[in-house]
Each structure stands twice: as structure tokens, then as C-alpha cells.
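These notes are about the structure you will find just below.
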Amino acid sequence: MHQLVKVQNFAVSGDGFGAGEGQSLERPFGHADPGSMFAWAGATASWPNRTDPGGSRGLDDYFTRDFAHNIGAEIMGRNKFGPQRGPWQDHDWRGWWGGEPPFHTPVFVLTHHLRPSFTLSDTTFHFVDGDPATVLARAREAAQGKDVRLGGGATTIREFLDADLVDTMHVAVVPTVQLGAGVRLWESPDELLDRFHLEVVPSPSGVIHHLFWRR
């Protein structure tokens, strides 16, 4: 069975940025407001951090609910794990998610500065230095037949796109957010049409879902 490499629920601004400038411990998305970027998902009934009853159903809820379906491993860039740069100075700090990370699978963090793996709840983080194909081979083995999620950020997704290793991709474009600078996923989604089919589906929430699958 073919294990898909999937980008899921990745949000970008109307001008194509997945994160802003000035990332820090207090601001994982830099000058971008994650509340605005992910409001469409946070309003759904299936949002995992929901503490009150209710929430919307429909298209946005479908994507939120489908996030973990058949995922056996995740690959992410170091900037998604944390704001530290260069050699690791603090091994006690273990990511933005506290003791219960939302991944529930092995996670492979791309970095030129290795550190020992560790486990929080049912998520194990591995720190790897390698080209996309090599890292993907490790993630597929760890996924035990399930699909591999490419979690981001935008730079990591572009690296795997450039290596032609992405099978499907769901990007939620938030047209009301214009960042002007930061980490860009694309100038235009049309850049990918030589390799992917694309269906664009507007949502009542105001976001525009872009669904790509390999030609």
C-alpha cells in the first residue's frame, strides 16, 4: 500500500505567507496572529482544544476532523518545533505544546544540530539532519504503513515540493490576513499546477480551501 505524503490544514495569508517575521518564544508565528490564521478551524465542533459545547459543522469541520486520519508520522522543520537557532542551549525546553503534544505519532524534526530523542505522552520527537528523501524514508518506516504528514512550516513544505515528494496538499488561504513579509509558501498557487491538480473551494467562514493532488 502506498504511503501518502500529505500537507493538511496548512494556513497561509492572502499574500501567501505561512508565518510572519520575528518569531520568538512568545510569538511562534512572528508578527502573524495565529488566532486570525486558524479562526476557521477553531470555530469548528471538532477543534481538539474546544472547551465549550457547540462549534460549526460543514466543510471546515470536515478538514479539522480529518487531520489525524491514517497519519502514522509527522515531519516538521525546526522553526515549527521552537524558536531556538544554532546549537541547542536548553534541552529542558521541549516544544510549544506542553506535556500533551497534539501529534500522537513519531515526529521527525529537521535540524542541523542533533539532540537526543524524547517522548511526551504518545509523541516521540526525533531530531534528524538529512535530505528530504532520507528523512521521509525514516518517517515512512516509523509510520508502519500509514501516511506521513508534512507539518510545515512553509520552508519545509517548499523543500519537499522541490524534491517532488508531496502527494496531496490542503492549504487554507485566509484572504482577510495580509502579512506583507515573513515565510512565504507561494507567490501564487498557480506555481504548482505543472505537477498538481487543484480544486479551490470557498468556505462560509471566509477562508478558501485549496486542494492539490499529484498529476
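Along the sequence shown, the residues carry numbers beginning at 1. Every heavy atom of this structure was used, including side-chain atoms; hydrogens, water molecules and symmetry mates were not.
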Side-chain H-bond candidate by donor/acceptor type, E74 with T105, under 3.5 Å: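 No - no donor-acceptor pair under 3.5 Å links their side chains.
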
Side-chain H-bond candidate by donor/acceptor type, D60 with T44, under 3.5 Å: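 Their side chains do not contain a donor-acceptor pair, so the 3.5 Å distance test is not met.
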
Criterion side-chain hydrogen bond (donor to acceptor under 3.5 Å, both in side chains) on H170 and H210, from CA distance to verdict: CA-CA 6 Å; H170 164 232; H210 288 61; over 6 Å; no

What distance separates [X] [atom1] from [Y] [atom2], expressed to the nearest 0.5 Å?
| X | Y | atom1 | atom2 | result |
| --- | --- | --- | --- | --- |
| L185 | T155 | CG | OG1 | 9.5 Å |
| L192 | R215 | CG | CZ | 10.5 Å |
| H104 | T124 | NE2 | OG1 | 12.5 Å |
| F103 | M76 | CZ | CE | 3.5 Å |
| L4 | I71 | CG | CD1 | 8.5 Å |

If you compare all heavy atoms of [X] against all heavy atoms of [Y], which two are closest, and at what distance to 0.1 Å?
| X | Y | answer |
| --- | --- | --- |
| T111 | L114 | O-CD2, 4.1 Å |
| R78 | V109 | CA-CG1, 3.8 Å |
| D167 | Q3 | OD2-O, 4.0 Å |

Within 45° cone and under 6.0 Å: R94 NZ/CZ vs F81 ring: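 The answer is no; the distance or angle limit is not met.
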
Axial cation check for W47 ring with R65, 6.0 Å and 45° limits: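 So R65 doesn't make the cation-pi contact.
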
Stepwise side chain to side chain contact (heavy atoms under 4.5 Å, CB included) test for T168 and R214: CA-CA 6 Å; T168 69; R214 184 188 289 274; over 6 Å; no

Beyond-backbone contact of L110 with D129, side-chain heavy atoms, under 4.5 angstrom: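 No; the side chains remain at least 4.5 Å from each other.
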
Proximity of H197 and W213 rings by center, below 6.0 Å: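 Ring-ring flag for H197/W213: true, centres closer than 6.0 Å.
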
Members sharing F29's hydrophobic cluster (side chains within less than 4.5 Å):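 In the cluster with F29 are F17, M37, F38, W40, L59, Y62, F63, V174, V177, L179, V201, V207, L211.
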
Under-4.0 Å salt bridge between R27 and E21: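 A salt bridge is absent here (no side-chain N lies under 4.0 Å from a carboxylate O).
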
